Amino acid sequence: MRLYHHPLSTCSRRVVLAAHHLGIDLDLVVVDLFKGEQKAADFLALNPNHRVPVLDDDGFVLWESYAIMQYLADKAPGQTLWPTDAKARADVSRWLFWCAQDFMPGCSLLNRENSIKALGGMGPADPDLVARGEALLGAAAALLDRHLEGREWICADLSLADLAIAAPLADQTRAKFPVSDLVHLQRWFGQVQALDCWRAADAA
Ligand SMILES: N[C@@H](CCC(=O)N[C@@H](CS)C(=O)NCC(=O)O)C(=O)O
């Protein structure tokens with residue numbers, strides 16, 4: 001299976017983490033977002049949204065990181081990241097939707113303004129956008145911190161939700177996320193960072 005990705009892409013990272021945990025080998029193909037390769041005709045034919053990640057499984061092309069994670073889990077016999085019990089799966093699904101809808105907007109804004117712009121020579125951070133990102137992420141991260149108090153993982157067991165939500169936190173320092181004081185969130189994030197899949201993704 002081939003994954004079109006970028007090493008600095010949070011959305012790609014969550015898929016790579018899941019693949020490593022599931023023991024699935026991915027042929028990683030870098031799409032250089034700084035050079036605009038995501039807008040080239042051959043890539044747009046794969047994903048008209050001009051975004052990574054995109055999976056190509058022998059001609060079956062799938063975009064959207066959460067859908068790709070679920071697909072990979074469904075292809076891994078005996079996996080436990082994406083439960084088959086209806087209630088357990090719904091719980092993981094709930095947090096994946098929450099990640100996309102509530103957690104990622106602030107992460108993406110701050111990552112772009114405080115990190116990607118500097119790395120790509122795209123000018124200074126816009127203070128209004130930084131303030132907006134801090135407000136969005138501050139609210140979402142506080143909710144997550146409260147949820148994690150007394151819990152080992154986001155759902156009953158380690159799941160796709162942990163990998164999906166931890167992925168953007170890899171950038172928390174460089175992107176100046178307002179999360180350093182959230183003790184439950186940081187304890188949980190340390191556990192995710194200790195997983196073999198995290199180290200393997202770092203080395204990829
Ligand atoms: N909802 C999508 C978002 C993907 C996304 O935003 N990808 C970014 C990198 S993290 C990208 O490729 N941006 C390039 C662009 O928008 O032109 C997913 O979860 O896969």
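Counting starts at 1 for both ligands and their atoms, in listed order. Keep in mind that this is a model prediction, so the values were computed, not measured.
Contact residues for ligand 1 (protein heavy atom closer than 4.0 angstrom to any ligand atom): Ser9, Thr10, Cys11, Leu33, Gln38, His50, Arg51, Val52, Pro53, Glu64, Ser65, Tyr66.
Listed by first then second residue, pairs satisfying side chain to side chain donor-acceptor pair (under 3.5 Å) with a partner in residues 117-146 read Glu113-Lys117, not counting sequence neighbours.
A ring-centre distance under 6.0 Å is found for Phe189 and Trp198.
The closest side-chain donor-acceptor pair between Tyr4 and Asn47, if any, does not fall under 3.5 angstrom.
Of the candidates Asp196, Leu160, Leu158, His21 forms a side chain to side chain contact (heavy atoms under 4.5 Å, CB included) with just one, namely Leu158.
Counting non-hydrogen atoms of other residues, nucleotides and ligands closer than 6.0 Å to CZ of Arg112 gives a total of 12 or fewer.
Hydrophobic clustering keeps Val52 apart from Tyr66 (ILVMFWY residues linked when any side-chain heavy atoms are closer than 4.5 Å, directly or through intermediates).
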